[in-house]
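In what follows, every chain begins at residue 1, and chains take the letters A, B, ... in the order their sequences are listed. FYI, side chains are in, hydrogens and waters are out, and symmetry mates aren't considered; it's all heavy atoms of this structure.
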Amino acid sequence: DAASNVHIVNMGQRQHDDPAVVVDSHHNVLASVLGSKKAAAESMIYSYKHGFSGFAARLTEAQAEMIAKLPGVVRVIPNRLHKLH
Amino acid sequence: TTRSWDYLSQSLNSPGNLVNDGNMGEGIIIGILDTGIWPESESFKDEGLGPIPSRWKGVCETGERFNSSNCNRKLIGARWFIKGFQAELGRPFNTTENVDFMSPRDALGHGTHTSSTAAGSLVRNASYKGLALGIARGGAPRARLAMYKVCWNIGGGQCASADMLKAFDEAINDGVDVLSVSIGGSVPFFSDVDERDGIATGAFHAVAKGITVVCAAGNSGPFGQTVENTAPWILTVAASTVDRGYPTSIMLGNNRTILGQALFAGNKEIGFTGLVYPETEGLDTLEAGACESLSLNGTNAGGKVVLCFTTVARRIAVVRAASVVKEAGGVGVIVAKNPTSSVAPCDDFPCIQVDYEIGTQILNYIRYTRSPVVKLSPSRTLVGKPIATKVAFFSSRGPSSIAPFVLKPDVAAPGVNILAASSPFDPFMDNGFAFHTGTSMACPHVTGIVALLKSVHPDWSPAAIKSALVTTASKDPIMAEGPRKLADPFDYGGGIVNPNKAADPGLIYDMGMTDYIQYLCSMGYNDSSISALAQQPTKCPSEPPSMLDLNLPSITIPNLRNSVTVSRTVTNVGPIYSIYKALVQAPMGVEVILRPSVLAFNSATKKFTFSVTFVTTHKVQGEYYFGSLSWSDGIRVVTSPISVQTEIIPSYVDN
């Protein structure tokens, strides 16, 4: 989808010690907006599960806005590029 | 690194220095976020290293031309992250168009360079075509390396925040002790709680787990307010020179010999040959002789040496001039420019830098001589006392544009003309090694030192390590390039890093999560952003705490009106029974009152809180003035840089 861009979804504090459960929760959040687990799996890029809870996924602006309104989601922001020094 | 570690008093054959006391970093794991690694480099051989630390949970990911056997007891982990970058690119990354590998293997050479600078094994007789000959090694040559490849070979190396966050996340879990990040953004910067920054937020989580994160300050100097990676939990490194130069003889036909700077490793000198300056007539007489737009139309440059002038600080002017002269059949170029210490090779073609004064003298010789000639000799390596240390022209300067209350950069370290391992695809590589320049090169010097400090003081927090480095750094007499002036804290923070003194700082200004949350509250970030970052429910007080009271090892007051009092707490990490007396160097026009001025530590008193009151006498909107506060027990000197700017009209900008 040309209109999809990578967004980073911050879900704040980790709600579970088991990383697998944290990853599952990320897929559930994404699936609730994209409509299916399959769509969530295709869109998901990374799960952040050690330092904080969150994920990076390919989302349209509308989807990003919807996710930002879900409970437990702190912020949804776009990916950016950095340079070497 | 064939000079930088000796310059920092870390010679392996000198007992009693940090590299020996820290057992060369044995047992410490350094994570590097960069362009990958060339594992076959001699710098990553694992001879003499013991088993991999049992706490290590990382992996050696496979991929294009990289398999698990590429890891060893030196390179104990390697991962690669490209999904975020590829998504930004909007198409698959074409590794034929831009040579790279879908694996942790490094094409650009940057990650190999930084890794070998931080923790490379010893490689004897390393040089660039005979220049800078010596032992190349990392600061912590027995430390282990883990590469997290997050940057890809497009436009000089680009890295996506989603990938960097993932790398931080994995590195935290893998068990690294130190992270080295020679990456940054550009003005305007994202806030400390914005994941787009990728580094500030990733670093926060790492620091929360006791991992020190060392970052490059950026290469946007010498302009003020350009320093990057400014979060107070990050250790931000500026770039300085070492005491090494590459004098290159220019002998004019009138027998005058001038020593310029170059990395010209030719075996033979270029005997007396014609010397020209492309001067034109017409409206713009100077354009033809400007290195960046050098035009040799109408100038017979064949077999000759060409002189040009440039006001462009960046290397592109030299590269362009060398290319144009070479194409015209010339045999060398002399570039007159604002003096900077950074030089780079021009593919075995002599491109010699001189300053404007010398350039003008050569030009006058050309203008007033019937047949000007010149003889060029290969560069030599000169080390030691005659060469002064300078903060590099390009090194980004403070104050921080995000939080001017937090002094940045923190320290400076060697980052100019550093010879270290590189990738065979690096066009500047010779026999495995290449010169590179940047705050990218300064950053892993400090990373290596942090590894050594961790080895000696495993219980020190990232803030304690930073405090030790800032308060013991060497200050004077050090100049800053562009334009030349005495360096100040916005150039080099506490000063040039001094590893041996940092190992025994006496007192430290420690900080923890509570302090960082205090900072975030002071910055006015909302509770939910702070809670998300801090991984704990946070409610800032209705009256935000003063940013000035953050327990930093420096004091920066960007808006002093009349007077203000700040407080700090020091922790004694030296002998239990110690008495420290204060010495204050007040910034010009500012009165400094310290209470108390003597600190007596004993077995029951390990910490002291003191206050410093600043009273300005300036009656006009001021520039920054600098001073220092030192505590000394007669042996150790714990110095905090002070920077103060008087503010008469709030939020008024005229500089």
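For the options Ala87(B), Ser182(B), Ala216(B), Gly438(B), heavy-atom pairs under 4.5 Å to chain A are most numerous at Ser182(B). Chosen from Ser531(B), Gly184(B), Gly185(B), Ala442(B), the residue pairing most often with chain A at heavy-atom distances under 4.5 Å is Gly184(B). Taking chain A as the reference chain and counting heavy-atom pairs below 4.5 Å, the highest number among Phe190(B), Phe204(B), Phe168(B), Phe394(B) is found for Phe190(B). For the options Ser53(A), Pro19(A), Ser47(A), heavy-atom pairs under 4.5 Å to chain B are most numerous at Ser47(A). The residue among Thr114(B), Thr35(B), Asp34(B), Asp169(B) with the most heavy atom pairs within less than 4.5 Å of chain A is Asp169(B). In terms of non-hydrogen atom pairs under 4.5 Å with chain A, the most contact-rich of Asp194(B), Ile199(B), Leu533(B) is Asp194(B). Between chain B and the options Val74(A), Asn10(A), Asn79(A), the largest number of non-hydrogen pairs under 4.5 Å is found for Asn79(A). With chain A as partner, the option from Leu108(B), Ile172(B), Leu165(B), Thr437(B) having the largest number of non-hydrogen pairs under 4.5 angstrom is Leu165(B).
Two rings, from Phe85(B) and Phe93(B), have their centers less than 6.0 Å apart.
Between Tyr48(A) and Phe52(A), the angle of the ring planes stays under 30°, which puts this pair in the parallel group of the 30/60° scheme.
Side-chain contact between Asn28(A) and Lys37(A) is present, with heavy atoms from C-beta onward closer than 4.5 Å.
Only the backbone of Ile82(B) comes within less than 4.5 Å of a heavy atom in chain A; its side chain stays farther off. Residue contact with chain A, scored on non-hydrogen atoms closer than 4.5 Å, involves the side chain of Glu228(B) exclusively. Proximity to chain B (any heavy atom under 4.5 Å) is shown, for Leu81(A), by both the backbone and the side chain. Interface remark: Cys159(B) contributes backbone and side-chain atoms alike to the contact with chain A (heavy atom separation under 4.5 Å). Looking at Ser396(B), neither its backbone nor its side chain comes within 4.5 Å of chain A, counting heavy atoms on both sides. Heavy atoms of Lys209(B) lying under 4.5 Å from chain A belong exclusively to its side chain.
Ion pairing between a basic and an acidic side chain is recognised when a charged N comes within 4.0 Å of a carboxylate O; Arg55(B) and Asp177(B) show such pairing. Salt bridge absent: Asp197(B) and Arg80(A) never bring a charged side-chain N and a carboxylate O closer than 4.0 Å. Taking 4.0 Å as the cut-off between side-chain N and carboxylate O, Glu170(B) and Lys166(B) count as a salt-bridged pair.
For the residue pair Thr538(B) / Asp527(B), no side-chain donor-acceptor distance below 3.5 Å is found, with atom types taken as modelled.
A donor-acceptor pair under 3.5 Å links the side-chain atoms of Thr439(B) to the main chain of Gly218(B), judged by distance alone.
Within 6.0 Å of CG in Asp18(A) there are more than 12 heavy atoms belonging to other residues, nucleotides or ligands.
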